[in-house]
Amino acid sequence: MPDFRPDEFFLVTGASSGIGEGVALLLNQSGAAVIAAGRSEARLESLREKAAAPGHIHPEVKDLADDLDRLPDWVLGLKNKYGKLKGLIHCAGVTLTEPVNMVTYAGAVELFNLDYFVPVLLAKGFADRRVNVGEGASMTFIASLAAVRPDKGQGLYGGAKAALINTMLVLAKELAPRRIRVNCLSPALVMTPMGRQFVTELTSAEEQHNRYPLGLGQAADVAALAVFLSGAQARWITGQNYILDGGLT
Ligand SMILES: NC(=O)c1ccc[n+]([C@@H]2O[C@H](COP(=O)([O-])OP(=O)(O)OC[C@H]3O[C@@H](n4cnc5c(N)ncnc54)[C@H](OP(=O)(O)O)[C@@H]3O)[C@@H](O)[C@H]2O)c1
């Protein structure tokens, strides 16, 4: 795992639950300062209680879907509060499982707002020269296996995540001259609150378990790669979308 300094600040969205919580805890354990964003103040507080260095977790209560136009300014505000940012690991997201013939425009807009427009506008904010540390800065976005191998019911969700991957691969090219790296991770089923809800409502744990030769994913499995990609050893890696699927057949 990379070693970070406590003056290296990472913005982690979705830090109040699941994959984002795993990322925040691992970054913290690796020595970094974490700006932990989520909507639930109570869950951000409980993240701090679990952290190896609680003093280096900085909770920021924020509904990312609120006033999208001003999201880049929110990121600039974080820089003004904490100093220049070393990394952004965007884990906040929502899922939707519904057949295409059930799609409504309002539902599609809500999903695309959080799973596509929010990360794009956060990336715009982070890419601002006033905000990031320049060479060595990085962004990592949690997409989904549904972006590349969608199942029935994942038409919209997979579509939003596919759009996210595409835009981030372009951004990687645009930011490479400044030595800022951009990557995506595309996990299959991970046993977070979101993953457990999927299992409970739509399938069964046994059915899912049988599909995964290496077992179901855990938040820490995704966090490990996200944190590696944020460190100096990943200096030559950009514009990638990594699939983490436990050998899913
Ligand atoms: N779990 C899986 O099987 C799986 C598989 C592939 C990809 N993913 C992706 O991985 C990412 C993380 O998922 P997860 O499994 O960790 O889900 P999770 O446990 O449900 O966590 C979702 C996180 O997103 C935050 N969030 C949701 N809406 C928000 C909003 N409007 N503003 C700010 N924060 C918001 C939540 O914050 P609050 O709790 O504070 O509201 C929470 O921290 C998502 O993008 C998801 O699509 C998950």
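All ligand and atom numbering here is 1-based and tracks the order in the structure. Side-chain atoms are counted along with the backbone in the values below, which use heavy atoms only and exclude waters and symmetry mates.
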**Study point:** N/O separation below 3.5 Å, Ile19 to ligand 1
**Key:** yes

* Asked: So is Gly14 polar-close to ligand 1, meaning N/O to N/O under 3.5 Å?
  -> yes

Note: Met191, heavy atoms under 4.0 Å from ligand 1, region reported as neither

With heavy atoms and a 4.0 Å threshold, my read on which part of Glu21 contacts ligand 1 is neither

Hits for salt bridge (Lys or Arg N to Asp or Glu O under 4.0 Å) against Lys81, two or more places apart or cross-chain, chain-then-number order -> Glu60

Applying side-chain hydrogen bond (donor to acceptor under 3.5 Å, both in side chains) to Arg149 and not counting sequence neighbours gives Asp245

The answer for which part of Ser40 has a heavy atom under 4.0 Å from ligand 1 is both

One finds that the ligand 1 atoms under 4.0 Å from a non-hydrogen atom of Ala143 are 7 (C), 8 (N), 9 (C)

Checking heavy atoms under 4.0 Å, the part of Ser186 that sits near ligand 1 is neither

Checking heavy-atom distances from atom 18 (P) of ligand 1 to each of Ser17, Ala42, Cys91, the winner is Ser17

Counting only heavy atoms from other residues, nucleotides and ligands, does the tally under 6.0 Å from CG of Asp67 exceed 12? yes

Review point. Would you say Leu64 has any N or O atom under 3.5 Å from an N or O of ligand 1, going by distance alone?
Key: yes

Give yes if a backbone or side-chain nitrogen or oxygen of Val190 is under 3.5 Å from a nitrogen or oxygen of ligand 1, and no if not. yes

query = Polar-atom distance check: Ser144 versus ligand 1, any N or O pair below 3.5 Å?
reply = no

